[in-house]
Protein chains: 2
Amino acid sequence: MSTSDGGGAYHHGDLRRSLIVAAHALLRAGGVEAVTLREAARLAGVSHNAPYRHFASREALLAALATEGFRALRQALDDAGRRAEPGGRLTALGRAYLRFADADRATFRLMFGGVVEEAGHPDLAEASGAAFGALRSVVAEREPSAGAEREALRAWALVHGLAHLVADRQIDAERAEACLT
Amino acid sequence: MSTSDGGGAYHHGDLRRSLIVAAHALLRAGGVEAVTLREAARLAGVSHNAPYRHFASREALLAALATEGFRALRQALDDAGRRAEPGGRLTALGRAYLRFADADRATFRLMFGGVVEEAGHPDLAEASGAAFGALRSVVAEREPSAGAEREALRAWALVHGLAHLVADRQIDAERAEACLT
DNA sequence: ACCTGAACACCGTTCAAGT
DNA sequence: ACCTGAACACCGTTCAAGT
């Protein structure tokens with residue numbers, strides 16, 4: 001009801017969301033360093049100070065972006081896993097992982113760039129844990145033998161490394177996908 | 001002669017180097033966002049404007065840090081390759097790569113974080129190319145068969161992914177090294 | 001609750017000088 | 001050549017108000 005009642009007094013039914021959308025646009029366009037509270041506020045049409053009602057600091061806004069990124073990644077991994085036959089599940093998840101990195105390089109880098117530390121951002125830690133959990137469980141299901149943990153870690157690292165190389169434009173997404181077997 | 005003649009008029013025989021050292025300390029202590037020209041100048045004992053004699057912009061300073069990082073990485077890879085027997089060369093390089101990421105996480109992230117683009121920084125592009133070349137040549141020497149390119153890329157991605165996981169503190173360096181076989 | 005304007009200490013960058 | 005001080009437009013963050 002608060003979203004569409006058209007009241008004129010407050011600009012937004014959901015300023016928090018507007019700020020995240022604006023910040024995401026800034027992130028995609030110019031990387032982390034282009035994400036500023038003041039510019040996000042400008043894009044959302046509010047004063048430079050309004051964001052503090054929703055984010056305690058610039059880092060909190062960045063943490064929210066990273067959190068959304070991990071949720072989207074987890075969603076993509078889950079969808080890929082559901083659509084694949086059991087035998088091809090790991091490859092399907094790997095492809096989804098690589099496509100995520102390729103489609104939103106800036107967010108991928110924010111998620112893994114160390115600018116926001118998970119400590120002190122429980123939502124972020126939870127979202128990141130959930131995304132890794134989705135990947136790990138599928139890896140584990142394919143490697144139930146002895147030495148499974150090491151093989152699971154290798155598979156994870158391979159996908160993760162390929163994703164970084166894709167995000168850094170060192171290789172293109174197709175070559176990366178061909179490495180998944 | 002200019003380094004130690006103790007002339008009092010100019011603070012430094014090599015302000016450029018002093019600034020890089022200062023910026024590196026800032027990078028290690030607080031990540032990319034903590035690297036500012038003004039603070040580096042302060043640490044070097046010069047006015048906030050002096051750095052512009054040596055770096056055209058903040059990004060140029062960051063590019064210099066990344067360049068030094070790639071040179072150090074290349075050095076570490078070369079040393080590791082020289083010390084290893086031919087059969088264990090790839091593993092040795094992988095270990096050196098992981099140790100580099102573990103020892104200087106912030107620089108590793110700067111090198112691969114996308115904040116500085118290689119285009120427009122030829123020194124950086126050259127240093128990065130040289131480091132990758134060292135890795136690639138050893139990978140290629142171990143995989144001379146058909147499908148070699150794909151296997152080389154897999155090996156590279158594995159090491160790179162492990163290094164990122166180490167830099168992000170998702171796994172520790174020992175577990176990562178155990179994955180190199 | 002949610003928003004605003006003024007204020008403070010920072011930063012990158014430029015300019016006009018000084019030796 | 002190399003350095004300085006003043007200046008400008010930004011930014012994060014805080015404070016005192018307004019509805």
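In what follows, chains are A, B, ... by sequence order, proteins preceding strands, each numbered from 1.
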Item to check | Separation of B:Ser128 OG from B:Leu73 CG (nearest 0.5 Å) | outcome: 9.5 Å

Checklist entry - Listed by chain and number, what are the ring pair (Phe, Tyr, Trp, His ring centres under 6.0 Å) partners of A:Phe55, not counting sequence neighbours? => result none

Checklist entry - Given atom CZ of A:Arg17 and atom P of C:dC2, what is their separation to the nearest angstrom? => result 16 Å

Checklist entry - Taking atom P of D:dA1 as reference, at what distance in whole Å does atom NE2 of B:His54 sit? => result 13 Å

Item to check | Approximate separation, where rounding is to 0.5 Å, of A:Thr67 OG1 and A:Asp123 CG | outcome: 5.5 Å

Checklist entry - Do B:Thr107 and B:His24 have side-chain N/O donor and acceptor atoms under 3.5 Å apart? => result yes

Item to check | Footprint string (nucleotides 9-14 of chain D, 5' to 3'): B base within contact, S backbone only, - free, heavy atoms under 4.0 Å | outcome: --BBBB

Next on the checklist: What's the gap between D:dA17 and C:dC2 when it is taken at their P atoms, as a whole Å value?
Outcome noted: 22 Å

Item to check | Results of salt bridge (Lys or Arg N to Asp or Glu O under 4.0 Å) for B:Arg95 - residues two or more places apart only | outcome: B:Glu177

Next on the checklist: Would the distance check show the side chain of A:Arg74 and the main-chain N or O of A:Ala131 forming a donor-acceptor pair, the cut-off being under 3.5 Å?
Outcome noted: no

Checklist entry - Reading DNA chain C 5' to 3', what string of ( ), [ ], | and . shows its pairs, if Watson-Crick and G-U wobble pairs count only when both distances fall under 3.5 Å? => result ||.|||||...|||||.||

Next on the checklist: Holding to ring pair (Phe, Tyr, Trp, His ring centres under 6.0 Å), I want the full list of residues that pass it with B:Phe100, two or more places apart in sequence or in another chain.
Outcome noted: none

Checklist entry - Quick one: side chain to side chain donor-acceptor pair (under 3.5 Å) pairs with a partner in residues 28-37 of chain A, sequence neighbours left out? => result A:Glu33-B:Arg58

